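Report on one structure; see the data block that follows.
All ligand and atom numbering here is 1-based and tracks the order in the structure. Quick caveat, the model's predicted, so the values are computed rather than measured.
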Amino acid sequence: MACSKFEYVKHFEQHSTLLPNSHLVVRVDGHGFHRFTSVHNFTKPNDARGLDLMARAARACMDAYPEITLAYGQSDEFSFVFKRATTLYKRREAKIVSTVASLFTAEYMFRWNDCFPDTKMAYPPSFDARAVCYPTDKNLRDYFSWRQADCHINNLYNTAFWALVQDAKNPRTEREAQVILKDTDSAAKNELLFSSYGINYNALPDMFRKGSVLYRKPSLVAEKSKADPSKEPTLRMRNLVCVEYRDIIGDAFWKENPSVLPPPE
Ligand code: ATP
Ligand code: ATP
Ligand code: MG
Ligand code: MG
């Protein structure tokens with residue numbers, strides 16, 4: 001290894017190491033996506049193409065990092081859980097956070113045309129990322145309940161907000177819509193949507209109301225022999241990443257999928 005007299009500066013580097021044997025969550029969030037989604041004419045309040053693109057970028061990250069057991073996304077954010085025993089990059093925080101953020105951003109751009117074939121990207125997006133360690137299963141479940149509750153609260157607000165702004169007969173300015181919705185509880189927003197716009201909030205797509213849940217599901221896959229492709233394919237169990245729009249606050253998801261939260265090794 002070549003050494004130079006300058007190499008001593010390497011000792012100034014500080015490494016922060018993430019707590020061992022704890023659930024490691026990395027959350028990426030779009031930088032300035034209020035503007036990015038407006039400049040790129042996203043349908044408001046929810047552009048399904050944009051949510052689909054986020055999920056495709058997340059799936060690509062799961063393909064790159066087999067240690068990720070679960071990912072949950074809503075709006076411009078995605079959270080990834082790494083196995084609690086992961087030793088990825090010796091659990092160095094900067095390395096994990098920066099590679100996940102840059103891979104996610106690169107995948108988002110790489111797949112842009114698949115979801116927005118008619119929209120030229122006006123400028124490149126970027127995502128920030130943070131890592132948090134959760135020591136207990138309950139902490140981890142509560143983390144996801146927090147993000148999914150946030151999805152619900154924001155989506156109900158945004159649905160009411162854009163109904164007022166896009167009202168065909170009586171369009172409100174964004175400021176006016178803000179004032180109308182200020183201090184309304186969720187029952188009042190539901191009522192406004194139903195009585196003024198005929199929107200039954202609970203009938204909106206789960207993709208918008210619940211967010212996207214990605215996890216590895218044991219699935220039967222027909223695989224062809226590489227040595228002899230003319231042979232009948234063999235059925236094998238493989239863990240395939242699936243995308244579902246479902247509740248993760250209750251127990252059902254976690255009971256159905258124990259491999260997402262295995263007991264500590
Ligand atoms: P920051 O850089 O602090 O994260 P931000 O502008 O990205 O700021 P957020 O709080 O992260 O703000 O909110 C994300 C914004 O992107 C919201 O305005 C949300 O409505 C919009 N957005 C994200 N995804 C979509 C989508 N699929 N369809 C429509 N709008 C979206
Ligand atoms: P890590 O993920 O730990 O950074 P790495 O494979 O990226 O691993 P580096 O120590 O960052 O390793 O080294 C970068 C590698 O990329 C070297 O092998 C270097 O020769 C090669 N490389 C970088 N830029 C060029 C270039 N312009 N032309 C040819 N090779 C390059
Ligand atoms: Mg953002
Ligand atoms: Mg956000």
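Annotation: ligand 1 has protein neighbours Asp29, Gly30, His31, Gly32, Phe33, His34, Thr37, Phe42, Thr43, Lys44, Pro45, Asn46, Asp47, Leu51, Ser75, Asp76, each with a heavy atom less than 4.0 angstrom from the ligand.
Taking 2.8 Å as the threshold, Glu77 does not count as a candidate ligand of the Mg ion (ligand 4), since none of its N, O or S atoms lies below it. Residue contact annotation: Gly30 places an N/O/S atom under 2.8 Å from the Mg ion (ligand 3).
Salt-bridge check for Glu77 with Arg147: passed, with a basic side-chain N closer than 4.0 Å to an acidic carboxylate O. For Arg246 and Glu256, the salt-bridge test passes: some basic side-chain N is under 4.0 Å from an acidic carboxylate O. Using a 4.0 Å cut-off between charged side-chain N and carboxylate O, Asp52 and Arg56 make a salt bridge. Using a 4.0 Å cut-off between charged side-chain N and carboxylate O, Lys10 and Glu7 make no salt bridge. Look at Asp251 and Arg141 and you find a salt bridge, because one of the NZ, NE, NH1 or NH2 atoms lies within 4.0 Å of a carboxylate O, short of that distance.
Using cut-offs of 30° and 60° for the angle between ring planes, the Phe12 and Tyr8 rings count as perpendicular.
Ring centroids of Tyr123 and Phe36 are separated by less than 6.0 Å, placing the two rings close together.
When the N, O or S atoms of Asp76 are ranked by distance to the Mg ion (ligand 4), OD1 comes first. Residue Asp29 approaches the Mg ion (ligand 3) most closely through its N/O/S atom OD1.
Considering only heavy atoms from C-beta on, His23 comes within 4.5 Å of Asp137 through its side chain.
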